[in-house]
Structures are given as structure tokens and as C-alpha cells.
Number of protein chains: 2
Amino acid sequence: MAGMISEALQDETENGFTERQREVLDVVLGLMVAEGDGFSVARIARAASCSKETLYKWFGDRDGILTATVQWQASRVRAGEYDRQRLDAAQLRKSLEGFAANWLSVISSQTSIALNRVAVSHAATAKSRLGQIVLANGRFAIGERLKPILEAGRNAGLLEFVDSEEAFRAFFGLVGRDVQIRLLLGDDFSLDQATIAADAKRAANQFLALYGYRQGGVKNSGGAGDAPAAGEPKISVI
Amino acid sequence: MAGMISEALQDETENGFTERQREVLDVVLGLMVAEGDGFSVARIARAASCSKETLYKWFGDRDGILTATVQWQASRVRAGEYDRQRLDAAQLRKSLEGFAANWLSVISSQTSIALNRVAVSHAATAKSRLGQIVLANGRFAIGERLKPILEAGRNAGLLEFVDSEEAFRAFFGLVGRDVQIRLLLGDDFSLDQATIAADAKRAANQFLALYGYRQGGVKNSGGAGDAPAAGEPKISVI
DNA sequence: TTGACGCCGTACCGTACGGTACGGTACATG
DNA sequence: CATGTACCGTACCGTACGGTACGGCGTCAA
């Protein structure tokens, strides 16, 4: 399995970056988190102990550096896939809560905030792909990952909807609410693990109340549910 | 009523800007919509036919120009207040739909997208108030305007919740879903009036299903409601 | 008429940035 | 050892920007 490709000579992994390049991109990521995107290429070179010439040779121009950084982060967080579990009501609820908690912890992380801010800044000028990359690896990636579960829930008679995309968007709204826009605009409100767990449970409850199959639905009523909030996140997206 | 204050001599209105200043700020707003915030002060002066010296005299520095622009736009959209109507179920539903439709049309407008992008860009550096201003006049302004209606609905026995802030955040999520982040990141998907009206109706339905007083709640089921979507927006926020 | 004022247009200045070039070094290959 | 390669550090260049200064012009009041 391993060793199929000579590992010392060609140390590019599937994401297309060498080890040294990944080190540099991690430094860029740190700068983004610390200072937004107001840093110069010289600042990158100083912080990463590399030369500007190398940066331009590797990534073309400044926008190429930022693009590579976003892609590197995107390739790193693609791990973790929900297993095809047998689907009963409790498992479905647990999956929804897990997705919600994970999504909340991601969008409230400093890395996600920094990356989204940079991408939003560059979205105004049409010559940058940053916004598309972040969208593809954030909003749309999690959508494609959750929709199979929603559809499995529908097949199992647990959910009721006509369009999984619309159902997902409702779930997205119930989970995220105003969190992302407030964080992007600099409203520093903390989102600790307990809050995230409670929010995830509430969002799952409300989603099931709206899209659960049972006639009459379930009015949300605080808590009183089984399946305590899942532990650590299983998947990650930008 | 009019003429209480001499109109020719002191043409500052309550927002603190003179007529000429408002003209200039509208030009800045146009530049933001057209080009993000990558324009120079010289570009503003050329587009507005004024001198850079005047700009710096009026607004201090470049960030002051942007701040004044955001404040000017904020002061302009503060008009329109929902009247204290008698509250029955139909009127409540109509109010919710109106709010939702208005909010959707605002956040999908080019002006709002541009302003939010600039504010998000500057939110990384702590030395700019743009993010706070946009938050105060957007997310929080509409919250303070909707919560009295929610509480009136609760007093009338039409709604059931313990915290109006939490209820509002759920409404916010059900209405906005992924719209704002997608638009900010440059996903150009159109949101025409028909779609906005349908989305507003759906959001109001879902909110009432979750927070309506009736035992058992109302499962969302497409449309089939009274009170066709409100016509033009009544209020506006950033 | 005269002067003060506010503003426009433009020239100017210092700086910081994106991008390139060059010398020096470590290392790998033959 | 000779040669090539990849990289670091730094110097360099052109430009564009933020911010300031100055001359000129219209307006208004005394």
C-alpha cells in the first residue's frame, strides 16, 4: 500500500503541495488568523523563513498564495465521513445533532472566521476564486454530506420533505442562525462547548419538529430529549 | 411643521451631513457596490468632483470616509415603522411575512452586499468600527424592531416562547438560511420577488409551526395559506 | 471694492507594496 | 571534484497609494 511511490524523492501528497510548501502555507494561515489579509508578501517570507522569490516561483502571485492556503486548509479538513449506520429515530437525531455541533464549532473557529473574511473581501473582485473555493468546501460540502442522511431518513419513514436541498437549507438556518454573520462582522461573543451542544440539540429538535414524519409534529419545548449531545466533532469543513 | 429651522443657512440634517457631503457619500457607496473597497481616495475625488483635501477635511482619513458612508446609508434606511396594529393570527402572520420578505430583499441587494463585504474586511483589524455599525443597524436593529411584535403575539396568546431574543434568532435563521453567506462569498444566485415572497411565506409558516401557541403545531406543507405575501417592503435595514 | 471663506484641481512627498534579480549556501549526483 | 538544483536573504525597481500643500475661483457679507 505505502511505498508505491518513492517517498523521499517526490514528497508531494495528493493535495499537490510538498512538505515545505505546507509549512509555509500554515504560516500564511497563521497570519490570516492574526492579521486578516493586510500582510505583505515580504511579511510571509520573514515569518516563514523563506525567500520572496521562492513564494512567487511556487504560487505565482499574492493571490495564488492565498488561494493555495485556502485549498490546503480545505484538503486538510476533508477527513471524516459519517458511517452508514442503521437508521432509527435516535440515530437520526444523534446524526443531526452531531452535524450541527460540528458545524457550529467550525464556523466559530478562528481559522474559519479568518478564511471566510479573506474570501469575502476578495469576492468583490471577480478575478479571485477564493469565494468559490470556500463555498465549495464549506456550505456546499456539508450540504452534500448531510443530504444522503436526510434522504436515508426519508426512506426509513422518519422524515418528510420533497426536496433535500430545501430541507438542508432549513437545517442550515436553524443551526447557524446569526452566528456566522455576527462573527464575521467582529461581534466577539463566545460559543463554548456547552452552548454549542445545547444549540445543536435545539436545532435538531426544531428540524425534526418541522420535517419529522409524525403527524402533528413536535412542538419544541426546551430540552427533555434522549441522546445527549455528541462528543467531539466527526467531520470538519471550512 | 417645515421651516422651523432655517433651511438655507444650515443645511445639516439630523444625520449630521450637509447636502454636498451626502452627494459625495452616495458616490462612495456607488464605488463600493461597483468595486468593493479597492478604490483610492483619489478615485473618490475624481468620481465625486471634489478635492482630496476636502475629503480629508470632512472625514479625517480613508477609514473615516468609509465609516461616514456606512452611517449615511444606515441613517437613510431607518424610515418606516410597523404600526401597532390589533393583533390577530392573520395580522401576525402577515407581519412576519412582511419582515421576512423585507429582510430578504435587503440582504440580497447590491448595496447591502457591498457594505457588508467592506465591513467584514475591516472587522479583522480592531481599529475600525465598520463591523459594529453594520451589526447595529442590520442584525440588531431588525431584532429590536421585530421583538415587540413577537412579544405582542405572545401577549395575545398567539405565540409561545420564553426568550424573545431566542425566538427572533430562530426566525432570523429560518428566513436567511444560507442566503447572506452565499451572496457575500460571491455566489451569484438571483433572488427575484416571487422567490422572496415564497421564501417569506415558508419562513413564517415554519416559525409559526415552531412557536405558534396551538397545541401540536402546524406542519409546514408548501403553501395554501391566507394573506398573500406583502407587496413592497415597509422597513429597511442594512 | 475688498476681504474672508469654502471648495476644486493638481502637484507633491514619503512610504510601502508587488514583483524581479542576484549572490551565497547546502546538498545531491556523476 | 565538478556541476546542477533548490532555496535563502537581500537588494532593487516601478508604481500606487495616503495624506498634505498650494494656487485659483466663485460667493457672500461689509
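Chain letters run A, B, ... following the sequence lines, proteins first and then strands; every chain starts at 1.
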(request) Report yes or no: is the cationic atom of A/R145 (NZ for Lys, CZ for Arg) under 6.0 Å from the centre of the six-membered ring of A/F99, at an angle within 45° of the ring normal? (result) no

(message) At less than 4.0 Å, is any side-chain N or O atom of A/T54 found next to OP1 or OP2 of D/dC8? Yes or no.
(response) yes

(message) Output the rounded distance in Å from CZ (B/R46) to C1' (C/dG9).
(response) 12 Å

(message) Between A/W58 and D/dA6, is there a contact of a side-chain N or O with OP1 or OP2 at under 4.0 Å?
(response) no

(message) Please determine whether a side-chain nitrogen or oxygen atom of B/S51 lies at a distance below 4.0 Å from atom OP1 or OP2 of C/dG9.
(response) no

(message) More than 12 heavy atoms of other residues, nucleotides or ligands under 6.0 Å from CZ of A/R129: yes or no?
(response) no

(message) Is the positively charged end of B/R62 above the ring of B/F39, judged by distance under 6.0 angstrom from the centroid and angle within 45° of the axis?
(response) yes

(message) Any donor-acceptor pair, under 3.5 Å, between the side chain of B/E53 and the base of D/dC22, if you only look at N and O atoms?
(response) yes

(request) May I have the distance from B/K57 (atom NZ) to C/dC5 (atom P), rounded to whole angstrom? (result) 10 Å

Show me the protein contacts with nucleotides 14-18 of chain D, counting only N or O atoms at under 3.5 Å.
unit_1 : atom_1 : unit_2 : atom_2 : d
D/dG18 : OP1    : B/R62  : NE     : 2.9
D/dG18 : OP2    : B/V41  : N      : 2.9

(message) My understanding is that only residues two or more places apart in sequence, or in another chain, count here; which of them pass side chain to side chain contact (heavy atoms under 4.5 Å, CB included) with B/A34?
(response) none

(request) Quick one: sort the B/F207 and B/F171 rings into parallel, tilted or perpendicular, breaks at 30° and 60°. (result) perpendicular

(request) Send over the distance from B/E23 CD to C/dG6 C1', rounded to a whole Å. (result) 15 Å

(message) Pairing donors with acceptors under 3.5 angstrom, does anything connect the side chains of B/Y211 and B/E166?
(response) no

(request) Give the rounded distance in Å between these two atoms: CG of B/L55 and P of C/dG6. (result) 16 Å

(request) Please state how far atom CD1 in A/I44 lies from atom P in C/dG19, giving the value in whole angstrom units. (result) 11 Å

(request) Quickly work out the B/E19 CD to C/dC7 P distance and round it to whole Å. (result) 13 Å

